[in-house]
Amino acid sequence: MILSFTLSMPNINSLNGKWTGENILYVKTVNFGRSKKATELAEKILDTGYFRYSFGDGWAAGVTVKEVTAREATKLRKKSAGFCGYDWMIDSIRSHGVIQTS
């Protein structure tokens, strides 16, 4: 099972009210494999589907999760500008089921 994680910034606390990355696709795909344990974890993440993290300064990040095919994953990887340094959010979702810093 392959999941895509797409980053957004739904709350922006900049002077002009904009995020410089708002028109850039930040997506990462993760192949969870086909084992029962991996599938259960992926389905649990999909059940939530959207994760939010507040930085505490008026900024907040959102991560939308969807199941994708291998072909879709390849296309997304080609279009993506990475994950803007927030890969730790995906790691946290996979490990804890929420975005947390520790």
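Just so it is clear, the values below take in all heavy atoms, side chains as well, and ignore hydrogens, waters and symmetry mates. Along the sequence shown, residues are numbered consecutively beginning with 1.
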Validation: residues 58-71 side-chain donor-acceptor distances under 3.5 Å, sequence neighbours left out:
residue : atom : partner : partner atom : Å
Thr69   : OG1  : Glu72   : N            : 3.0
Thr69   : OG1  : Glu72   : OE1          : 3.3

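- Here Ser80 pairs with Val27 under the side chain to side chain contact (heavy atoms under 4.5 Å, CB included) rule; sequence neighbours left out.
- Note on Leu46: it clusters hydrophobically with Val30, by side-chain heavy-atom contacts below 4.5 Å among ILVMFWY residues.
- Summarising the geometry of Ile12 relative to Gly17, their closest heavy-atom pair is CG2-C, 3.9 Å, with the distance given to 0.1 Å.
- Checked against side-chain hydrogen bond (donor to acceptor under 3.5 Å, both in side chains), Asn31 has no partners two or more places apart in sequence or in another chain.
- Partners of Asp47 under the side chain to side chain contact (heavy atoms under 4.5 Å, CB included) rule, at least two apart in sequence or in another chain, do not exist in this structure.
- Under the ring-ring contact (aromatic ring centres under 6.0 Å, His included) criterion, Phe55 pairs with Tyr53, Tyr86, sequence neighbours left out.
- Both Leu41 and Met89 sit in one connected hydrophobic cluster of ILVMFWY residues. Membership requires side-chain heavy atoms under 4.5 Å apart, directly or through other members.
- Considering CG of Leu76 and OG1 of Thr6, their distance stands at 6.5 Å, rounded to 0.5 Å.
- Scored by the side chain to side chain contact (heavy atoms under 4.5 Å, CB included) test, Ser8 finds Pro10, Tyr50 as partners (sequence neighbours excluded).
- Taking the side-chain hydrogen bond (donor to acceptor under 3.5 Å, both in side chains) definition, one finds that Asn23 meets it with nothing, sequence neighbours left out.
- The distance from atom CD1 of Ile45 to atom CE of Met1, rounded to the nearest 0.5 Å, is 10.5 Å.
- When hydrophobic clusters are built by joining Ile, Leu, Val, Met, Phe, Trp and Tyr residues whose side-chain heavy atoms come closer than 4.5 Å, directly or via intermediates, Ile93 is not grouped with Ile2.
- Connection of Val98 to Trp88 is not established within any shared hydrophobic cluster, with ILVMFWY side chains joined at heavy-atom distances below 4.5 Å, either directly or through further cluster members.
- For Ser95, the side chain to side chain contact (heavy atoms under 4.5 Å, CB included) test picks out no residue, with sequence neighbours left out.
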Legend entry - Chi angles and distances behind the side chain to side chain contact (heavy atoms under 4.5 Å, CB included) call for Leu3, Phe32: CA-CA 7 Å; Leu3 301 186; Phe32 279 72; 3.5 Å; yes
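- Applying the salt bridge (Lys or Arg N to Asp or Glu O under 4.0 Å) test to residues at least two apart or on different chains, the pairs with a partner in residues 77-93 are Lys28-Asp87.
- In this structure, Arg52 and Asn11 approach most closely via the heavy-atom pair NH2-OD1, 2.6 Å.
- Residues passing the ring-ring contact (aromatic ring centres under 6.0 Å, His included) test with Tyr26, sequence neighbours excluded: Trp19.
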